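Only one structure is covered here, and it is reproduced in the block below.
Here is how names work: the chains are called A, B, and so on, in the same order as the sequence lines, proteins then strands, and each is numbered from 1. In this text the structure is predicted, and so the values were computed from the model without any measurement.
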Amino acid sequence: MSDLSVRLPDGTMRVLEPGSTSRDLAAAIGPRLANDAIAAEVNGRLSDLVAPLSDGSTVSIVTANSDRGREILRHSTAHVLAQAVTRLWPGAHYAIGPAIRDGFYYDFALPDGARFNDDDLVRIEAEMRAIIAEDQPFVRDEFSLEEGLSLFADQPYKVEIIQGVATGASADDLTEVESDAVVSTYTNTPQFRDLCRGPHVPSTGRLGHFTLTRVAGAYWRGDEKREQLQRIYGTAWESAAALEAHLHQVAEAERRDHRRLGHELDLFSFPSELGPGLAVFHPKGGTMRRILEDYSRARHVRGGYSFVNSPHITKAELFETSGHLEWFAESMYPPMELDEGQRYYLKPMNCPFHVLIYKSRQRSYRELPLRLFEFGSVYRYEKSGVVHGLTRVRGMTQDDAHIFCSSEQMAGELASLLTFVLDLLRDFGLNDFYLELSTRPEGKAVGTDEEWSAAEQTLSNVATDAGLDLVLDVGGGAFYGPKISVQARDAIGRTHQMSTIQLDFQTPQRFDATYVGADNTRRRPIMIHRALFGSVERFMAVLLEHYAGNMPTWLSPEQVRVLSVRDSNDGYAAAVADRLRDHEVRVDVDPASEPLGARIRRAKMEKIPYILVVGDDDVAHGTLGVNARGSTDPVRDVALETFVERLCAEIANHGAPEDH
RNA sequence: GCCUGGGUAGCUCAGUCGGUAGAGCAGCGCAUUCGUAAUGCGCAGGUCAAGGGUUCGAAUCCCUUCCCAGGCUCCA
């Protein structure tokens, strides 16, 4: 028996008894680490704690409170879920069960087409806790493909996965098998073995801080043409405290859900009379929207844009020329037949209209870049299951522009556009961005390979120059060109796709758009599609959630509410409001017909930035009691003019009461 | 479009085994005049999402449709 020595992450070497495992190593380092260890990374590869170490390996112990540790924990919990389901539904088929962000899922097909319902989750969870109490080991075994096929002969999804490996199909997206000819399995009991690449926690007793969250349908292999399995989702953590923190975070996200806020703050609604995905904006939501749009318009004027308008419907020909009918007919509203068979469509995009504006007369190189902007309302027949609040709707308004430029101008135009976008988003209080580059979609693109790679390269260069992180989204581009999208992280760390910038060499060709160059020849312009808010509706949703409804003062529909202490102060309250209106402050008075406490409470719940309370003292001295949003102790005796000055400065700076 | 769950007063929700529909808040009226997150009393408010079926009798059981939520697929 030779000595066994391994290298630790800090570079030191440690000598162990021959045949030692990572678990022995952890124990040798310290009892605390031994207790926290759930797996190991050996020579850059994750492995089970109980796997024997070989001499000269570099080993780091993976603990539960690390990203990799939690992933293993979640994956192991998914196995426990599968075992619980097979115990409760003998003959159930289990498909795949990976760890995901914050948790895990497992897909099943129950015998006789049975379905899970919500009550089943409770039973399954109880069974899982029993399995965890049994402290079953996770025992790894390796087999040939043939052996694997016979082991899982009664599990058709496992067979398909193994066969996929055997035929060389990609298994990259599956955690079940390594992409070589070895089939590894993990066995918990003689009755339950799962196909899996591993690693796993040493035994089920290491698990337990989990909860099952929901049941959902999911297509096998994500293919809607294949059967739909029953998916159970859960969340799992390394400790009760971490689980609790996560559930709290989920509740927080729910509290700032824009649909809830939209209702509570009386901003918008989705009358069922209109149909799914069609919103109406109430006066306060309409005000917020107007402020957003006005600000955007002002920025576009400064950015050198020309303002255009186009109708909501058009003859089919326009979208035949653009290619939308060929590629996206199923997500367009069906046509209206008029005038002896003439088909009219609601517009799903603004770009073809802007091309027609471009083509309305001959263009010179001197006019480029020509930037056409419109708040264009578009209608898309989204599938019934996908509409979601203001973020996925069937009718929306894009802050849409199309820039026509020469190929020489393209890179510079894209670079300045990116600056323009980021500046605008920052003006709304979004500060944390990264970029995503979406490349040519497989089998669903027009144009030559050369055009696509040139466009992708240009976008990539511009993104790199911007100095932001760039993530590749392979195959995510539109059919006519690649795109960069700006992703923003909100106040609670979620990311939202905001602006998109798309390059398009195809549409100008399809419409035969040209300009006359300096050399008196006809040339083809390049088109850049871009929407900065994405849609006004969606942008409003993101801002509402980012601010949890506490909008900065400049975006608040009602900025100030004046409350009189007694009705003899009502006149002064009205005068204060008038003074603020002189400065275009949005202000209302709530007179003294109800107790002051009730009026304060109502204004607080409406998240109004400033509540001004005025009583006899204020009438006598020309002062106010200022109760700012987010504060619990109001400030008395503030001079009216002092308040006006501070408020106007805050509005101009896009600030909020919470900033002080 | 598919899977699971849901729809009762303006809102949030209760409604047992199938036996004539309930609360709080909001609204309206009256009283209350108050210094920083709910004043009191009273009144009104319902085709129980819509339609069909079973039943002596349906909010409740069954079917269809519409709408909502969470997923899957999709997202120019």
Watson-Crick/G-U partner (both atom distances under 3.5 Å) of [N]:
N       : value
rG51(B) : rC63(B)
rG46(B) : none
rG57(B) : none
rC17(B) : none
rA76(B) : none
rG29(B) : rC41(B)
rU36(B) : none
rA9(B)  : none

Would you say a side-chain N or O of [X] is under 4.0 Å from OP1 or OP2 of [N]?
X         : N       : result
Ser272(A) : rC66(B) : no
Tyr233(A) : rC72(B) : yes
His388(A) : rG70(B) : yes

Once you round it to whole Å, what is the distance between [atom2] of [N] and [atom1] of [X]?
X         : N       : atom1 : atom2 : result
Ile608(A) : rA37(B) : CD1   : P     : 15 Å
Met332(A) : rA76(B) : CE    : P     : 14 Å
Leu229(A) : rG71(B) : CG    : C1'   : 13 Å
His354(A) : rA76(B) : NE2   : P     : 19 Å
Glu537(A) : rC75(B) : CD    : C1'   : 16 Å
Leu121(A) : rC3(B)  : CG    : P     : 18 Å
Phe108(A) : rC72(B) : CZ    : P     : 16 Å
Asp400(A) : rA76(B) : CG    : P     : 13 Å

Only counting residues at least two apart or in another chain, list the ones meeting salt bridge (charged side-chain N to carboxylate O under 4.0 Å, His left out) with [X].
X         : result
Lys383(A) : Glu224(A)
Glu264(A) : Arg260(A)
Glu650(A) : none
Arg601(A) : none

How does each nucleotide of nucleotides 23-36 of chain B score, in 5' to 3' order, for protein heavy atoms under 4.0 Å: base (B), sugar-phosphate only (S), or none (-)? ---------BBBBB
Picking from [options], which would you name as closest to the side chain of [X]?
X         : options                   : result
Ala218(A) : rA37(B), rA76(B), rC72(B) : rC72(B)
Arg392(A) : rC75(B), rU73(B), rA76(B) : rC75(B)
Gln502(A) : rC2(B), rU73(B), rA76(B)  : rA76(B)

Judged by each residue's nearest nucleotide on RNA chain B, which is more toward the 5′ side, Gly477(A) or Pro276(A)? Pro276(A)
Asp223(A) or Phe479(A), whichever maps to the more 5' nucleotide of RNA chain B: Asp223(A)
Roughly how many Å apart are [M] and [N], using the [atom1] atom of each and rounding to a whole number?
N       : M       : atom1 : result
rC74(B) : rC13(B) : C1'   : 36 Å
rA23(B) : rA14(B) : P     : 16 Å
rU60(B) : rC30(B) : C1'   : 40 Å
rU12(B) : rG7(B)  : C1'   : 14 Å
rU8(B)  : rG70(B) : C1'   : 23 Å
rG35(B) : rU39(B) : C1'   : 16 Å
rC66(B) : rG51(B) : P     : 15 Å
rG27(B) : rU16(B) : P     : 31 Å

Angle class for the His529(A)/His402(A) ring planes (parallel below 30°, perpendicular above 60°, tilted otherwise)? perpendicular
Could you go step by step and tell me if Arg440(A) and Glu456(A) meet the salt bridge (Lys or Arg N to Asp or Glu O under 4.0 Å) rule? CA-CA 8 Å; Arg440(A) 179 174 192 161; Glu456(A) 288 171 7; over 6 Å; no
Check Glu320(A) with Lys315(A), please: is the shortest side-chain N to carboxylate O separation under 4.0 Å? no
Tell me whether Lys483(A) is salt-bridged to Asp473(A), with the criterion being a basic N under 4.0 Å from an acidic carboxylate O. no
For Ser568(A), give me all partners under side-chain hydrogen bond (donor to acceptor under 3.5 Å, both in side chains), at least two apart in sequence or on another chain. Arg566(A)
Which residues pass the side-chain hydrogen bond (donor to acceptor under 3.5 Å, both in side chains) test with Asp637(A), not counting sequence neighbours? none
Show every donor-acceptor pair shorter than 3.5 Å between a side-chain atom in residues 324-336 of chain A and any protein atom, with sequence neighbours excluded, or say none if there are none.
| unit_1 | atom_1 | unit_2 | atom_2 | d |
| --- | --- | --- | --- | --- |
| His324(A) | ND1 | Ser322(A) | OG | 2.6 |

What nitrogen or oxygen pairs link the protein and nucleotides 13-17 of chain B at under 3.5 Å?
none

Among pairs that include at least one residue of residues 273-284 of chain A, which meet side-chain hydrogen bond (donor to acceptor under 3.5 Å, both in side chains), considering only residues two or more places apart or in two chains? Asp266(A)-His282(A), Ser269(A)-His282(A), Lys284(A)-Glu606(A)
Donor-acceptor pair, Asp618(A) side chain versus Gly622(A) backbone, under 3.5 Å? no
So does Leu212(A) get a backbone contact from the side chain of Glu125(A), meaning a donor-acceptor N/O pair under 3.5 Å? yes
So, Phe319(A) versus Tyr345(A), ring centres under 6.0 angstrom or not? no
Under 3.5 Å side-chain donor-acceptor pair for Asp107(A) and Gln230(A): no
Neighbours of RNA chain B within residues 259-269 of chain A, by heavy-atom distance under 4.0 Å: Arg259(A), His263(A)
Looking at Ile96(A), Leu81(A), Thr213(A), Val215(A), which one forms a side chain to side chain contact (heavy atoms under 4.5 Å, CB included) with Tyr105(A)? Ile96(A)
Just the table, please: protein N/O against nucleotides 4-8 of chain B N/O, every pair under 3.5 Å.
| unit_1 | atom_1 | unit_2 | atom_2 | d |
| --- | --- | --- | --- | --- |
| rU4(B) | O2' | Asp118(A) | OD1 | 3.3 |

Looking at Tyr219(A) and rG1(B), is any side-chain donor or acceptor paired with a base atom of the opposite kind under 3.5 Å? yes
